[in-house]
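Labels below follow one simple rule: chain letters A, B, ... track the order of the sequence lines, proteins then strands, and each chain is numbered from 1.
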Protein chains: 2
Amino acid sequence: MKRDLIPPPVVWRLSLYLRELQMLAGEGVEKISSRKLAAGLHTTDAQVRKDLACFGQFGRPGVGYHVAELIQRIREILKTDKVRPVVVVGAGDLGRALLRHKGFIEKGFSLVAAFDVSARLVGKTAGDVTVRHIDELREFLQKSDIRLAVLAVPPQAAQDVCNLLCESGIQGILNFAPISISAPKSVTVRPVDLTAELEQLSFHVPTQ
Amino acid sequence: MKRDLIPPPVVWRLSLYLRELQMLAGEGVEKISSRKLAAGLHTTDAQVRKDLACFGQFGRPGVGYHVAELIQRIREILKTDKVRPVVVVGAGDLGRALLRHKGFIEKGFSLVAAFDVSARLVGKTAGDVTVRHIDELREFLQKSDIRLAVLAVPPQAAQDVCNLLCESGIQGILNFAPISISAPKSVTVRPVDLTAELEQLSFHVPTQ
DNA sequence: TAGATTGTTAATCGATTAACAATC
DNA sequence: TAGATTGTTAATCGATTAACAATC
């Protein structure tokens, strides 16, 4: 399982392929060529084939790829073929918006619990869960086998909460706090910075 | 202004540098070397210098960079030195969470209006704005000079709303809908897929 | 079979890293 | 001056694209 030598851009495109394939499956498409799969995304047939070749041989020359099979294979690679539980820390506007979002489950994620420090938020319901106090987080995680967390706390709190999550057995953190946080090498931290995304857009759009 | 030949990774790191510099400025730091700036982010001093060199000479040998000046320069490059107005289309959970978010303004963005089709949402207040009906969108944009939009509608509606935005003069769209949308070449579309972000995390975290 | 399309190798392209003379 | 640090060039590394024999 030499997973770490897969180039990050390849893993990213796996998510794009999966999304496209799931849409195609919804339209009843059963098989697809690398060329047609590439057409919807902004890439090429060679890229698609090269990417998939990192993980095995999934297609048939002259035929293409079987949509349902390829979906299954990619989900296995991304480890989303079985639903993975996720905790949300920080139940402010963004945290609660994520908790209410309906689309995660069919993609293989279930937001199973939420935590916050604020008395104003503890006890509130969002999506399927009731917000708990963050003091309960450690014990909750130690009794479970949850490995993924969404961090949606203010930047000042982010590093402390990150430390707590790492100590409690979390191995992957999606960090929405606009600050760079550190974690042990065994823990993957993936930053998401919505302001930075807007800045990238701004760069490409003239003013005035 | 040969902006289009700047490598995308460089523009992305500009946002990271800016965030770090703004934090340093908040701590009262006045000058900084490329080495120290790189240390916080996950990059190197050579990378920092090379990136900045795309835009001019901002530092002084033996001294480093002046924090406040570099902040100003990067904001000019990203065009966020003056506040840019942004419309939000789709006032569901995510759209409203973004509207309530306090952090955009000091980064140079102001969410000035929100639109939705749903009678349930029109008239609701979120952040500083009241949600309008999407039928008002075209006229609203034609009377203004707003060039940036956040698209937070369901995937089935995304392409139609994108078309409407493009026809109304929008030149940059941050697309949260989990679907690939097409726009004229003159319009920049930047996709943000939160599920895909979770998938990337999942890939790196073992199951069981 | 003929046409289509894969998996894979080789060639190209672009981005990062290292090194260092110039300069404060 | 001596030490620090820039801007920039050259070397390395990694990712994308093109091409094609193998195969359905």
Does atom [atom1] of [X] have more than 12 heavy-atom neighbours from other groups under 6.0 Å away?
X      : atom1 : answer
B:R190 : CZ    : yes
B:E27  : CD    : yes
B:D128 : CG    : no

* B:D193 with A:R19: basic N within carboxylate O range, under 4.0 Å ->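 Yes, this pair counts.
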
Nearest whole angstrom, please: distance from the [atom2] of [N] to the [atom1] of [X].
X     : N      : atom1 : atom2 : value
B:I6  : C:dG14 : CD1   : C1'   : 14 Å
A:L70 : C:dT5  : CG    : P     : 16 Å
A:F58 : C:dG7  : CZ    : P     : 9 Å
B:L5  : C:dA15 : CG    : C1'   : 15 Å
A:D45 : C:dT5  : CG    : C1'   : 9 Å

* B:K79 NZ/CZ over A:F203 ring centroid, <6.0 Å and within 45° of normal ->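 Yes, B:K79 lies over the aromatic ring of A:F203.
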
* To do: Specify the residues of residues 28-37 of chain B, ordered by number, for which at least one heavy atom lies under 4.0 angstrom from an atom of DNA chain D.
  =>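 Going residue by residue through residues 28-37 of chain B, the ones with a heavy atom under 4.0 Å of DNA chain D turn out to be B:S33, B:S34.
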
* Any donor-acceptor N or O pair under 3.5 Å, side chains B:T80, A:E199 ->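 No - no donor-acceptor pair under 3.5 Å links their side chains.
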
Any donor-acceptor pair under 3.5 Å linking the side chain of [X] with the backbone of [Y]?
X      : Y      : answer
A:Q200 : B:W12  : yes
B:E20  : B:G40  : no
B:S168 : B:L164 : yes

* What's the spacing between A:E106 CD and B:T195 OG1 if we round to 0.5 Å? ->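 Those atoms lie 8.5 Å apart.
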
* **Gap between atom SG of A:C162 and atom CD1 of A:I173 - 0.5 Å precision** =>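 Going from CD1 on A:I173 over to SG on A:C162, the span is 4.0 Å.
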
* Are OP1 or OP2 of D:dG7 and a side-chain N or O of B:Y65 less than 4.0 angstrom apart? ->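 True: B:Y65 side-chain N/O within range (under 4.0 Å) of D:dG7 OP1/OP2.
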
* To do: For residues 140-198 of chain B, pull every pair meeting ring-ring contact (aromatic ring centres under 6.0 Å, His included), keeping only residues two or more places apart or in separate chains.
  =>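 Those involving residues 140-198 of chain B are B:F115-B:F140.
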
* To do: Sorted by first residue and then second, give each ring-ring contact (aromatic ring centres under 6.0 Å, His included) pair with at least one member in residues 89-109 of chain A; sequence neighbours left out.
  =>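 As it turns out, the ring-ring contact (aromatic ring centres under 6.0 Å, His included) pairs with a partner in residues 89-109 of chain A, which skip direct neighbours, are A:H101-A:F104.
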
* Structure fact -> Under a 4.0 Å heavy-atom criterion, the protein footprint on nucleotides 16-24 of chain D, written with B, S and -, is BBBB---BB

Output a table of nitrogen or oxygen pairs between the protein and nucleotides 11-13 of chain C separated by less than 3.5 Å.
none

* Under a cut-off of 3.5 Å for both distances of each Watson-Crick or G-U pair, what dot-bracket string does DNA chain C give, using [ ] for crossing pairs and | for inter-strand pairs? -> ..||||||||||||||||||||||

